[in-house]
Protein chains: 2
Amino acid sequence: MARPREFDVDSALCAALDVFWRQGFEGASLTDLTKAMGITRPSLYAAFGNKETLFRKALDRYYEVSMGFVREALAEPRLRGALEKLLYGYADAFTDATHPAGCLTTNGALACSEAAEPVRLELVTRREADEAALRARLAKARAAGELPPESDPAALAAYLMAIIQGMAVQAASGAGRDALYGIIATTLRAGVLGAVSVQTRIAKSRKAANRPLIGPKSTLRNVVM
Amino acid sequence: MARPREFDVDSALCAALDVFWRQGFEGASLTDLTKAMGITRPSLYAAFGNKETLFRKALDRYYEVSMGFVREALAEPRLRGALEKLLYGYADAFTDATHPAGCLTTNGALACSEAAEPVRLELVTRREADEAALRARLAKARAAGELPPESDPAALAAYLMAIIQGMAVQAASGAGRDALYGIIATTLRAGVLGAVSVQTRIAKSRKAANRPLIGPKSTLRNVVM
DNA sequence: GTCATTTTGTACCAATCGGTATGAAACTCA
DNA sequence: TGAGTTTCATACCGATTGGTACAAAATGAC
């Protein structure tokens, strides 16, 4: 009943996502966007509203596609597996050769002019939601006895998010996948997961001795936790 | 022999620094800058060259003033003291109420348009230099026996820089000083410094037993390192 | 006071910013 | 073959971008 559009909305959005990812919200001009998307300005505005709504749709797509692993990582039954999948998933996403380096959520608008403030706040909200999801997973792990009762899921989540965001910064600075893997290895060896693995060993010895999961604190655990 | 300038170059640069810190290089317009500095555009160009050279001078000042603690932190004789001063110093700088939140080096230009690419590369270089200095300090600590010989200063430096940059992201997102202190506490309790403190305890017991500093590895250290 | 020198404010530059008006082109339905 | 509807390309909008030309104003040297 009318003239059909000559471009694919999905692939155009995908192209816009990459431009925002590489240049940030303010650094991406409409000329950059339309050129990458292969469409004209009026087509962009008819299909996506304006620059800000286009960014929000690109952000949704980013979470669906590139951050899809997060949900399934957190759904892992054991905490150690969940955190490993989570951290390595982020490292892979931040250094995926088919996309710009780093993280859209940190690249998009860490600091910006007053005009882009709504976008910045949206990204802050997303980061907070990511941290909340991780916090919930850690709380669940503590309830399951995978973390000692005196551990603080909020503090651990903030710590892990800092490492993830730090990896995002380093990836945006040119760090390769190997460098990020090294950071994760250090984290897993000496950090929170040290406690987790110790806890796991304790749980195993408890199981072998047929003792309850929740019991007196181990001196070993006190050292690392 | 000529008309004297009516503004103080230093305080004007200080004002420009805060604008760049809050809005990033691209997000700070000349109108924003001149308004904050209290000078006109020709005065700015006469005194500072152009926008990019102004940013570089502001960046130098940032390192001199707000990052001055880094040098003295790394100069601490013991590694534990050095890293504590370093981490808490960054947390304080990122949440100093007299300046914008976060870190100029990450806020300035993580992702940007092609026009700002030289500035972005300058910031990448600065971050690399910061990491190199930390790496050198860790290598010195390993040579002094404060870290086990099999530890990797490069990996540890990348790990610590990730935490620092992650704190910068969270501060820019509105996290307060307490939140950053919590991240540091988690790092010190479970992370690299766990190894350091264990090592220190081992060294102390060695000293008490009048044994050499470098000896067989402790099983305790194997757990956390 | 006069000159040379530098800073100041104003007013401006071309280029680009995000966003649109307009009319031709392309489609479905009748 | 129209009528109706939507997308397309072009050309444009006012506002803002980084950057300057220019002349008045303010100084020290003579």
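Letters A, B, ... are given to chains in the order of the sequence lines, protein chains preceding strands, and every chain is numbered from 1.
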If you measure from the Lys or Arg side-chain nitrogens to the Asp or Glu carboxylate oxygens, is any gap between B/Asp10 and B/Arg61 under 4.0 Å?
-> yes

Polar contact flag, side-chain donor to acceptor under 3.5 angstrom, B/Arg41-B/Thr34 | no

When the distance from CZ of A/Arg41 to P of C/dG18 is rounded to whole Å, what number comes out?
-> 7 Å

When you measure from every atom of DNA chain C, which of residues 5-29 of chain B have a heavy atom less than 4.0 Å away?
-> B/Arg5, B/Glu6, B/Phe7

Step by step, would you call B/Asp130 with B/Tyr63 a side-chain hydrogen bond (donor to acceptor under 3.5 Å, both in side chains)?
-> CA-CA 11 Å; B/Asp130 293 341; B/Tyr63 268 87; 2.8 Å; yes

d(CD1, A/Ile39; P, D/dA9) in whole Å = 10 Å

Can you check the B/Leu33 CG to D/dT17 P distance for me, whole Å?
-> 10 Å

Which nucleotide in the set C/dT6, D/dT20, C/dG18 lies at the smallest distance from any side-chain heavy atom of B/Ala2?
-> C/dT6

Rounded to whole Å, the CG-C1' distance (B/Leu30 to C/dA15) equals 14 Å

If we fit an axis to the first five pairs and another to the last five of the helix from C/dG1-D/dC30 to C/dA30-D/dT1, what angle do they make, to the nearest 10°?
-> 0°

Indicate, with a heavy-atom threshold strictly under 4.0 Å, whether A/Pro4 touches base, sugar-phosphate, or nothing.
-> sugar-phosphate

In whole angstrom, what separates B/Lys51's NZ from C/dT16's C1'?
-> 13 Å

Report yes if a side-chain nitrogen or oxygen of B/Thr40 is closer than 4.0 Å to either non-bridging phosphate oxygen (OP1 or OP2) of C/dT8; otherwise report no.
-> no

Are the side chains of A/Arg5 and A/Ser43 in touch, meaning some heavy atoms are under 4.5 Å apart?
-> no

Can you tell which of C/dC17, D/dT20, C/dG18 lies closest to the side chain of B/Tyr45?
-> D/dT20

Any donor and acceptor pair, going by atom type alone, linking the side chain of B/Arg120 with main-chain N or O of B/Cys112 inside 3.5 Å?
-> no

Identify whether the distance between the nearest side-chain nitrogen and carboxylate oxygen of B/Arg142 and B/Glu146 falls below 4.0 Å.
-> no

Distance (rounded to the nearest 0.5 Å) between B/Asp18 CG and B/Leu104 CG = 9.5 Å

side-chain N/O B/Thr31 vs D/dT17 OP1/OP2, d < 4.0 Å | yes

Could you check how far CD of A/Glu114 sits from C1' of D/dT16, rounded to whole Å?
-> 15 Å

Centroid-to-centroid, B/Tyr62 to B/Phe20, below 6.0 Å?
-> no

Any N or O donor-acceptor pair linking the side chain of B/Arg3 to the base of C/dT7 at under 3.5 Å?
-> yes

Is B/Ser43 near enough to C/dT8 that one of its side-chain N or O atoms lies under 4.0 angstrom from OP1 or OP2?
-> yes

Would you confirm whether the ring centroid of A/Phe69 sits within less than 6.0 angstrom of the ring centroid of A/Tyr90?
-> yes

